[in-house]
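Fair warning: this is a prediction, and the values are worked out from it, not measured in the lab. Throughout, a chain's letter reflects where its sequence line sits, starting with A, and its residues are numbered from 1. FYI, side chains are in, hydrogens and waters are out, and symmetry mates aren't considered; it's all heavy atoms of this structure.
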There are 2 protein chains.
Amino acid sequence: MKLTSQAQAFVLHFGEMGSRWGFNRTVGQMFALLTIHPEPLNADQLAQALKISRGNVSMGLKELQAWRLVELHHLPGDRKDYFTAAGSIWDLARTVFEERRKRELDPTLTLLRQLLLNEPQDEQDALAQEKMQEVYDLLELLDQFANTLSRLDQRDLLKLMRLGSGISKLLELKGKVKGGASKAK
Amino acid sequence: MKLTSQAQAFVLHFGEMGSRWGFNRTVGQMFALLTIHPEPLNADQLAQALKISRGNVSMGLKELQAWRLVELHHLPGDRKDYFTAAGSIWDLARTVFEERRKRELDPTLTLLRQLLLNEPQDEQDALAQEKMQEVYDLLELLDQFANTLSRLDQRDLLKLMRLGSGISKLLELKGKVKGGASKAK
DNA sequence: TACAATTTTCAGAAATTTCTGAAAGTTAAG
DNA sequence: CTTAACTTTCAGAAATTTCTGAAAATTGTA
């Protein structure tokens, strides 16, 4: 397990970016390495390639499993656990997207729902609640939209993402053509 | 500056979530407080309300300004700097979205562009580069899409986000009606 | 069951991030 | 220019997160 300088740079960068993407440096590195490495890797190989402790690898793999980003494999005649990235790049991106939606939106939605149940006690409270309601409505919409996007199949997702400013035109079209798709069929 | 228990809970939660959203606890708290508080607040008021040091407030405000999330105001006859959240909830969300796109995607795109310029030295390198190209293509597309979304005006954005599974139908419609919007006009 | 291979756990160490508060810097007003 | 009001800076302290490595737990095999 020697990394080419290419792979090295890729892996180190994903380590740096890790924290911005929701995991820590070594988890980011492990994910990157499993993503570009065509063969399954076991914990010792990961530890050796990334120069981190065996225990750290174990914790990192646990985390990557919680994110559903890795897959466990077994090689015949070998008792070690081997891991690969779970699916294609698109699959991985989708999974990261879904997990982040869960972690970044759901807790806040839950809290806001609770807070909005309370009767405001005074003027200041009422104003604050108005804002909270706005925040809630927006995050709720965003959450649903994110959900919709992650359910789209890859063809539609590609189509949508490639529309560019054509989106406006399509939305306009929707308004004009009454009945939407049924008419077009 | 006394916070109602509602506001308190909201502010503390945004503090906790802060790290997931790209800033630290106190920056998250400051942002939350400025968002629900109708009046501009000065640094001393923030420090007092959040029970943090004056220096920390100064650093936090600097960060919020870097994110373009706060606006500076001056009250007549008062030399202190007063801050409010920069715009409506939608404005704020859009800004956070844009800033995060910049911070989470751009550095990686830059690195991948560089790495992909190198000629692969061997088989392993070539395979790794294929993967990197896939990652690049996906992130590039995502980046452009995020850009498109943040340029949409609020009406279109709302329309789009409310489509739900209707998105597929609309995309299908696009395929059927040749010429897109121009036809519908 | 016994054992060796492997993985997981977790207390403490190390690294990193955040925070404080005093000092330095800036700015407006007289 | 001087002063007072205010803001920023930043070295070190505190808090938090991450990492290590040895011990405990688990698992497959004979």
Side-chain angles (χ1 to χ4, degrees), chain A residues 1 11-34 40-67 69-84 103-104, chain B residues 1 11-34 40-67 70-84 103:
Chain A
M1 272 309 304
V11 162
L12 291 180
H13 177 82
F14 267 67
E16 308 285 287
M17 295 300 285
S19 58
R20 295 196 182 162
W21 281 89
F23 18 77
N24 69 33
R25 178 163 51 241
T26 43
V27 172
Q29 291 178 353
M30 290 171 58
F31 181 42
L33 181 49
L34 291 172
L41 294 173
N42 65 41
D44 287 325
Q45 293 174 309
L46 286 167
Q48 193 232 318
L50 303 176
K51 303 196 169 86
I52 58 180
S53 74
R54 185 60 185 69
N56 199 0
V57 170
S58 180
M59 291 188 298
L61 285 169
K62 208 169 109 192
E63 171 120 24
L64 284 172
Q65 283 173 303
W67 279 80
L69 289 172
V70 292
E71 236 163 42
L72 177 59
H73 301 267
H74 283 108
L75 304 190
D78 190 336
R79 281 174 58 181
K80 289 196 181 68
D81 291 346
Y82 284 79
F83 294 88
T84 56
R103 290 158 204 240
E104 297 179 8
Chain B
M1 273 307 305
V11 163
L12 291 180
H13 177 82
F14 267 66
E16 308 285 287
M17 295 300 284
S19 58
R20 294 194 183 166
W21 280 87
F23 18 77
N24 69 32
R25 177 163 53 241
T26 43
V27 171
Q29 291 179 352
M30 289 171 58
F31 180 43
L33 181 49
L34 290 172
L41 294 173
N42 64 42
D44 288 326
Q45 291 173 311
L46 287 167
Q48 195 232 317
L50 302 176
K51 302 197 170 85
I52 59 181
S53 74
R54 186 59 186 68
N56 199 0
V57 170
S58 181
M59 292 188 298
L61 285 170
K62 207 168 110 193
E63 172 120 23
L64 285 172
Q65 283 174 302
W67 278 80
V70 292
E71 233 162 45
L72 177 60
H73 301 267
H74 283 108
L75 304 189
D78 190 336
R79 284 176 56 184
K80 290 197 182 68
D81 292 345
Y82 283 79
F83 294 88
T84 56
R103 291 158 203 241

TODO: Take the protein atom NZ of B:Lys80 and the nucleotide atom C1' of D:dT8, then report the distance between them rounded to whole Å.
DONE: 16 Å

TODO: For A:Gln65 and C:dT8, give me the distance from atom CD to atom P, rounded to whole Å.
DONE: 7 Å

- [ ] When you get a sec, tell me which of C:dT9, D:dC10, D:dC6 is the closest nucleotide to the side chain of A:Ser58?
- [x] C:dT9

TODO: Mind listing the closest non-hydrogen atom pair of B:Phe83 and B:Leu34 along with its distance?
DONE: O-CD2, 3.4 Å

Open item on the list: Is B:Asn56 close enough to C:dT20 that one of its side-chain N or O atoms is under 4.0 Å from OP1 or OP2 there?
Closed with: yes

Open item on the list: Does D:dT9 have OP1 or OP2 under 4.0 Å away from a side-chain N or O of B:Arg54?
Closed with: no

- [ ] Could you state the atom-to-atom distance from CZ of A:Phe83 to P of C:dT6 in whole Å?
- [x] 14 Å

Task: Shortest non-hydrogen contact between B:Trp67 and B:Trp21, atoms and distance - done: CH2-O, 3.9 Å

- [ ] With heavy atoms under 4.0 Å as the rule, sort B:Ile52 into base, sugar-phosphate or nothing.
- [x] sugar-phosphate

Open item on the list: What I'd like to find out is whether the side chain of B:Leu72 reaches to under 4.5 Å of the side chain of B:His74, using heavy atoms alone.
Closed with: yes

- [ ] Ignoring backbone atoms, test whether A:Thr26 places a side-chain nitrogen or oxygen under 4.0 Å from the OP1 or OP2 oxygen of D:dC19.
- [x] yes

Task: Residue pair B:Leu61 / B:Leu46, side-chain heavy-atom distance below 4.5 Å - done: yes

Listing time: all N or O pairs from protein to nucleotides 27-30 of chain D that are below 3.5 Å?
unit_1, atom_1, unit_2, atom_2, d
D:dT27, O2, A:Arg79, NH2, 2.8

Open item on the list: Before you tell me yes or no, could you show the steps for A:Tyr82 and A:Leu41 under side chain to side chain contact (heavy atoms under 4.5 Å, CB included), namely the whole-Å CA-CA distance, both residues' side-chain angles and the distance that decides it to 0.1 Å?
Closed with: CA-CA 5 Å; A:Tyr82 284 79; A:Leu41 294 173; 5.5 Å; no

Open item on the list: Rounded to whole Å, how long is the line connecting atom CD of A:Glu16 with atom C1' of D:dT18?
Closed with: 15 Å

Task: Rounded distance in Å - CG (B:Asp81) to C1' (D:dT8) - done: 11 Å

- [ ] Determine whether A:Asp81 and A:Asn42 make a side-chain contact, defined as any pair of heavy atoms from C-beta on separated by less than 4.5 Å.
- [x] no

Open item on the list: Return whichever of A:Arg25 or A:Asp44 has its heavy-atom-nearest nucleotide of DNA chain C closer to the 5' end.
Closed with: A:Asp44

Open item on the list: Counting only side-chain heavy atoms from C-beta out, which of D:dT18, C:dT8, D:dG21 sits nearest to A:Ser53?
Closed with: D:dG21

Open item on the list: Measuring only between side-chain heavy atoms, which start at C-beta, is B:Val70 closer than 4.5 Å to B:Thr84?
Closed with: no

TODO: For B:Gln45 and D:dT7, give me the distance from atom CD to atom P, rounded to whole Å.
DONE: 11 Å

TODO: Ignoring backbone atoms, test whether B:Lys62 places a side-chain nitrogen or oxygen under 4.0 Å from the OP1 or OP2 oxygen of D:dT9.
DONE: yes

TODO: Grab the CE-C1' distance between B:Met30 and D:dT7 for me, whole Å please.
DONE: 13 Å

- [ ] Grab the CE-C1' distance between B:Met59 and C:dG21 for me, whole Å please.
- [x] 11 Å

